[in-house]
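The block underneath contains the structure these notes are about, expressed in C-alpha cells.
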Protein chains: 2
Amino acid sequence: MGQGMSKSNNVYKDAYNRCLRLLDETRSLPSEPELGTLLGVSRTTVRSILARMEETGLIAWNKRAKTVLRDPRPDDFFPEEETDTLAEIIERSFMRRLLAGGAEAGMQINELELAREIGVGTTSVREFLIRFSRFGLIEKRRNSHWVLKGFTRAFALELTEIREMFELRSAAAFAALPQDSPVWADLDRLEDEHRLLAQEIATRFNAFSELDERFHRLIHRASHNRFIVDFYDVIAMIFHYHYQWNKAQERERNEVAVGEHLAYIEALKSRDLGKVDAACRKHLKSARQTLLTSIPESRSLQKS
Amino acid sequence: MGQGMSKSNNVYKDAYNRCLRLLDETRSLPSEPELGTLLGVSRTTVRSILARMEETGLIAWNKRAKTVLRDPRPDDFFPEEETDTLAEIIERSFMRRLLAGGAEAGMQINELELAREIGVGTTSVREFLIRFSRFGLIEKRRNSHWVLKGFTRAFALELTEIREMFELRSAAAFAALPQDSPVWADLDRLEDEHRLLAQEIATRFNAFSELDERFHRLIHRASHNRFIVDFYDVIAMIFHYHYQWNKAQERERNEVAVGEHLAYIEALKSRDLGKVDAACRKHLKSARQTLLTSIPESRSLQKS
DNA sequence: AAACTGTTTTTTCACGATAAAAGACATTAA
DNA sequence: TTAATGTCTTTTATCGTGAAAAAACAGTTT
C-alpha cells in the first residue's frame, strides 16, 4: 500500500474534514475563494472538496448555489491518520525510536534505513533530518551519516540555559509594553483560561500542555526578536514529547505550574520589573527541574 | 554541461588537489588508510586519487609501493570551481541575488526558478533553503513558496541583540575557566596573531575577517552550550558576506577591531569579570555599528 | 597479529519525473 | 465593474533511480 505514490493528498483530506465541521456548524457554505481563506488552502483544493461533497450527497452544487442536503455523518470524515503531513509522520516515528530506549548517544543515524522502516522516500527523511538538526539533538558528519547526540542531561541543561536567558528578557520587554498594546487583552484571556483550568484541574490537567505553550509564546513574542521567537520551537518540541512520555505525577506538576503561571501573570500585570523577574525565575526553575527529573540516569551519564 | 549528471565528484577532485600539494611538500605518500584520514575522505576516494596519479605519471603505484616520479605541475590540478560543493554553489548564487539589490523584503522565492537559474536540481535547492532558513532571512509558507524577510535593519538589530547576550555570557565563562585549561594557550596564540596583524595592518587588513571568526568562536565555545556555539554560524554567515560586500573604510575598521580584540584579550587574561564585561561590550558595540551602517537605507525602512 | 591492499556492499547525494496543490488567466454572473 | 466561477499553467512535494563516496568484508603482506 502507498507504494510508488508520488504525493499524498493529505492537504485535501484534512481540509475536507475541517470543511465538514464547518458545514455542521454553519449549515451553509460561502464562495470558493472565501472558503479557501477559511480553510487555508487554494481554490483548487476547495473545488475538490466541493466536488466530493456533491458526490456523497452532502450538498447540491451548481455554480454559486450550494445547498446543504444532509448532516455530515461520522463516516463522511476521512480517517485522522490520513490527514497527517509526511513530515509529521516521520517526526513521530523518529521520536518514538529516539525515546523508546536503545537510542544511545553517539549512535549513527541511517537515512536509508529510516526511510525503509517508515515506508517513505529518502528525500523526505533527509529534509526532515535537516530541519530537525536545529534542535541540537543530531549532527551531520560531512558527506557521511548523521550522529545522534542524545537526549541527555547536558542537552536539557543547555536548552534551559538559553530558555531562561530568552524568557527573562522577553518577560521584561512584555512588562514594558504600553498599556494600549493588544497583548494585555491576550494576557487577560489567558489568565481566565488558567483560572478555569485551576478549578477543573482534577479532570482536565492534560489540557495544560497546550495552554502552557500559548502562554510562553505570547511572552516570547514581546521580545520582537525572531531568534528568540523561533527558539521557542525547540522548547515546544522537547516539551511536547516530554509531556507524552513522562506521565509521573502529571496532575501535581501541572497544578503547581498553573499556580506559577498565575503568579507570573500577576507580576506582569503589576509591570514591576522586580516582581516579573522573580516570578519568571521561579517558574523556569521548576520547569527545568521537571524536565531534568524526567531524564533517565542511564542517559545522563554520557558525554556530550 | 553538467546536465543529467547525478552527482559531481567534487569530493574526489578537491581531495586530489590537496593530495597534490601534500605530494609537493612531503615527496612521498603514506598508506591508503592514513592518506584517507589526512585528507578526510574514504579509502575509496583515496584509491581513485592514486589511480589517477599513476595514470598521469605522477607516481608509480604497486600495492604498498608508491614512488614519486615527478613534481606536480599547475595543470595537474583540477580547476578550483570544480571542487566546490553543490551547497556552496547554491549559497553563493543565492546570496549574490540577495545582496545585489532588487531583493525587497516580502518578495517570494521560487524553488524551480532558482534551480533552473543555477542549473541544479530542485531537491538541492529545497535542501539548501531548509538549511538556510535557520538564519532568519527567509520563511516558508506552508505548502507554498518561501518568503524573503530581507536583510533589513531590524534583522541586524535582532541578530546583534542575541550575539551580545551570548557573547557576554561566553566571555564571563571563559574568564572563569581554570588556569590549566588549554584555551589559555589558544588565546595566547591568537594574541600573537593579532599583534602580528596589527603591525602589518596596512597590507594585510583583509586577513582580519578570518582571524575575527576564530577569535569569537573560541570565546563562544567556552559557554559549553551547543545553541550558543551553533548560533555563531548565523553571525559568521552574515559577516562573511558583509565583509565581501562592504569595502568602505575596511582598513580603518579592521584596525580598530584588532585593537579592540587585543584589549578584550587583555581583559580575559586578567580574569577580572568587570573588565571582561566592559571590553566585550565595547567591541560588540562597534561591531554592531559597523554592521548597521552597511545596511542601505532603502532596506531599513521595511517592516519586519 | 597488526596493518595493509583488493573487492563487494551499502549509503549518501543529486537528478528527472509525476501527482497534488497553488496560482494565474479567461469567462461569466450579479 | 466587481466578484464569482471555469479552465489552464506553474510550483511544490515526493518518489525511484543511478553515480559518487563511504563502509564493510575478505584476503595479503610484513
Side-chain angles (χ1 to χ4, degrees), chain A residues 2-15 30-36 40-50 61-66 85-87 89-90 108-116 119-129 140-146, chain B residues 2-15 30-36 40-50 61-66 85-87 89-90 108-116 119-129 140-146:
Chain A
Q3 248 159 357
M5 201 155 44
S6 241
K7 193 184 180 184
S8 91
N9 53 355
N10 66 80
V11 172
Y12 156 70
K13 286 178 177 170
D14 180 54
S31 74
E32 293 172 18
E34 207 172 325
L35 203 48
V41 295
S42 74
R43 202 157 68 81
T44 307
T45 305
V46 167
R47 285 173 68 85
S48 309
I49 291 170
L50 292 174
W61 179 32
N62 185 286
K63 307 201 169 175
R64 45 196 86 188
K66 300 177 201 86
T85 315
L86 234 207
I89 294 169
I90 296 174
Q108 75 185 56
I109 296 162
N110 189 321
E111 290 176 5
L112 201 59
E113 188 191 316
L114 252 178
R116 272 192 299 243
V120 298
T122 51
T123 314
S124 313
V125 170
R126 280 174 68 76
E127 286 179 7
F128 165 76
L129 290 172
K140 176 117 181 95
R141 290 286 139 85
R142 206 154 147 14
N143 37 291
S144 182
H145 53 265
W146 291 84
Chain B
Q3 248 157 357
M5 201 154 44
S6 242
K7 194 184 179 184
S8 92
N9 53 355
N10 66 79
V11 172
Y12 156 72
K13 286 178 176 171
D14 181 54
S31 74
E32 293 172 17
E34 207 171 325
L35 204 49
V41 296
S42 75
R43 202 157 68 81
T44 308
T45 305
V46 168
R47 286 173 68 86
S48 309
I49 292 170
L50 292 173
W61 179 31
N62 186 285
K63 306 202 169 174
R64 45 195 85 186
K66 300 177 201 86
T85 315
L86 234 206
I89 295 169
I90 297 173
Q108 73 186 58
I109 297 163
N110 188 321
E111 290 175 4
L112 202 59
E113 188 190 316
L114 250 180
R116 273 193 297 242
V120 297
T122 51
T123 314
S124 313
V125 170
R126 278 174 69 77
E127 286 179 7
F128 165 76
L129 291 171
K140 177 118 181 93
R141 292 285 139 86
R142 208 153 144 19
N143 23 290
S144 181
H145 54 265
W146 291 83

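Here is the naming used below: chain letters follow the sequence lines, and residue numbers restart at 1 for every chain. Because the structure is a prediction, the values reported are computed rather than measured.
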Checklist entry - With respect to the phosphate group of D:dT12, does any side-chain polar atom (N or O) of B:N110 fall under 4.0 Å of OP1 or OP2? => result yes
Checklist entry - salt bridge (charged side-chain N to carboxylate O under 4.0 Å, His left out) with A:R141: which residues, sequence neighbours excluded? => result A:E139
Item to check | Separation of atom CZ in B:F128 from atom C1' in D:dT12, rounded to whole Å | outcome: 18 Å
Checklist entry - Can you check whether A:N110 reaches A:L114 side chain to side chain, under 4.5 Å on heavy atoms? => result no
Item to check | Between P of D:dA3 and CG of A:L35, the distance in whole Å | outcome: 18 Å
Check nucleotides 21-24 of chain C against the protein and report each pair of N or O atoms closer than 3.5 Å, with its distance, or say if there are none.
| from | atom 1 | to | atom 2 | distance (Å) |
| --- | --- | --- | --- | --- |
| C:dA21 | OP1 | A:N10 | N | 3.4 |
| C:dA21 | OP1 | A:V11 | N | 2.9 |
| C:dA21 | OP1 | A:Y12 | N | 3.4 |
| C:dA22 | OP1 | B:N143 | ND2 | 3.1 |
| C:dA22 | OP2 | A:S42 | N | 2.9 |
| C:dA22 | OP2 | A:S42 | OG | 2.8 |
| C:dA22 | OP2 | A:T45 | OG1 | 2.6 |
| C:dA22 | O5' | A:S42 | OG | 3.4 |
| C:dA22 | N7 | A:T44 | OG1 | 2.6 |
| C:dG23 | OP1 | B:S144 | OG | 2.9 |
| C:dG23 | OP1 | B:H145 | ND1 | 3.4 |
| C:dG23 | O6 | A:T44 | OG1 | 3.1 |

Item to check | Spacing between B:I90 atom CD1 and C:dC15 atom C1', to the nearest angstrom | outcome: 12 Å
Checklist entry - Nearest-Å distance, CH2 (B:W61) to P (C:dT5)? => result 8 Å
Item to check | OP1 or OP2 of C:dT28 under 4.0 Å from side-chain N/O of A:K63 | outcome: no
Checklist entry - Can you name the residues that form a salt bridge (charged side-chain N to carboxylate O under 4.0 Å, His left out) with A:K13, not counting sequence neighbours? => result A:E82
Next on the checklist: Checking B:N143 now: which residues fulfil side chain to side chain donor-acceptor pair (under 3.5 Å) with it, not counting sequence neighbours?
Outcome noted: none
Checklist entry - Across the strands shown, which category fits A:I109 at heavy-atom distances under 4.0 angstrom: base, sugar-phosphate, nothing? => result sugar-phosphate
Checklist entry - Would you say A:N9's side chain and A:Y12's backbone share a donor-acceptor pair under 3.5 angstrom? => result no
Next on the checklist: Can you tell me which nucleotide in D:dT14, D:dT30, D:dT5 comes closest to the side chain of B:R64?
Outcome noted: D:dT30
Checklist entry - Between B:I90 and B:S124, is any pair of side-chain heavy atoms under 4.5 Å apart? => result yes
Checklist entry - Toward the 5' end of DNA chain C, which comes first, A:L112 or B:E34, by nearest nucleotide? => result B:E34
Checklist entry - Excluding sequence neighbours, so at least two apart, what forms salt bridge (charged side-chain N to carboxylate O under 4.0 Å, His left out) with A:E111? => result A:R126
Next on the checklist: Heavy atoms from C-beta onward define the side chain here; which of D:dG18, D:dC15, C:dC13 lies closest to that of A:V120?
Outcome noted: D:dC15
Checklist outcome for this item: Paired with A:E32, the side-chain hydrogen bond (donor to acceptor under 3.5 Å, both in side chains) test is passed by just one of A:R47, A:K66, A:R64, namely A:R47
Checklist entry - Once you round it to whole Å, what is the distance between P of D:dA23 and CD of B:E32? => result 16 Å
Next on the checklist: Please classify the nucleic acid contact of A:T123 as base, sugar-phosphate, or nothing, using heavy-atom distances under 4.0 Å.
Outcome noted: base
Item to check | Between P of C:dC13 and CD of A:E127, the distance in whole Å | outcome: 13 Å
Item to check | Interatomic distance where CZ belongs to B:R47 and P belongs to C:dT7 [whole Å] | outcome: 7 Å
Checklist entry - When you measure from the side chain of A:R126, which nucleotide among C:dT12, D:dA4, D:dT11 comes out closest? => result C:dT12
Checklist outcome for this item: In whole angstroms, the gap separating P of C:dT5 from CD1 of B:I49 amounts to 14 Å
Next on the checklist: Taking the side chain as everything from C-beta on, heavy atoms only, tell me whether A:I89 gets closer than 4.5 Å to A:T85.
Outcome noted: no
Checklist entry - Under 4.0 angstrom, heavy atoms only, what part of the nucleic acid is A:R141 near: base, sugar-phosphate, or nothing? => result nothing
Checklist entry - Which angle, rounded to 10°, do you find between the first-five-pair axis and the last-five-pair axis of the helix from C:dA1-D:dT30 to C:dA30-D:dT1? => result 30°
Checklist entry - For A:V41 and A:A15, which heavy atoms make the closest approach, and how far apart are they? => result CG1-CB, 4.0 Å
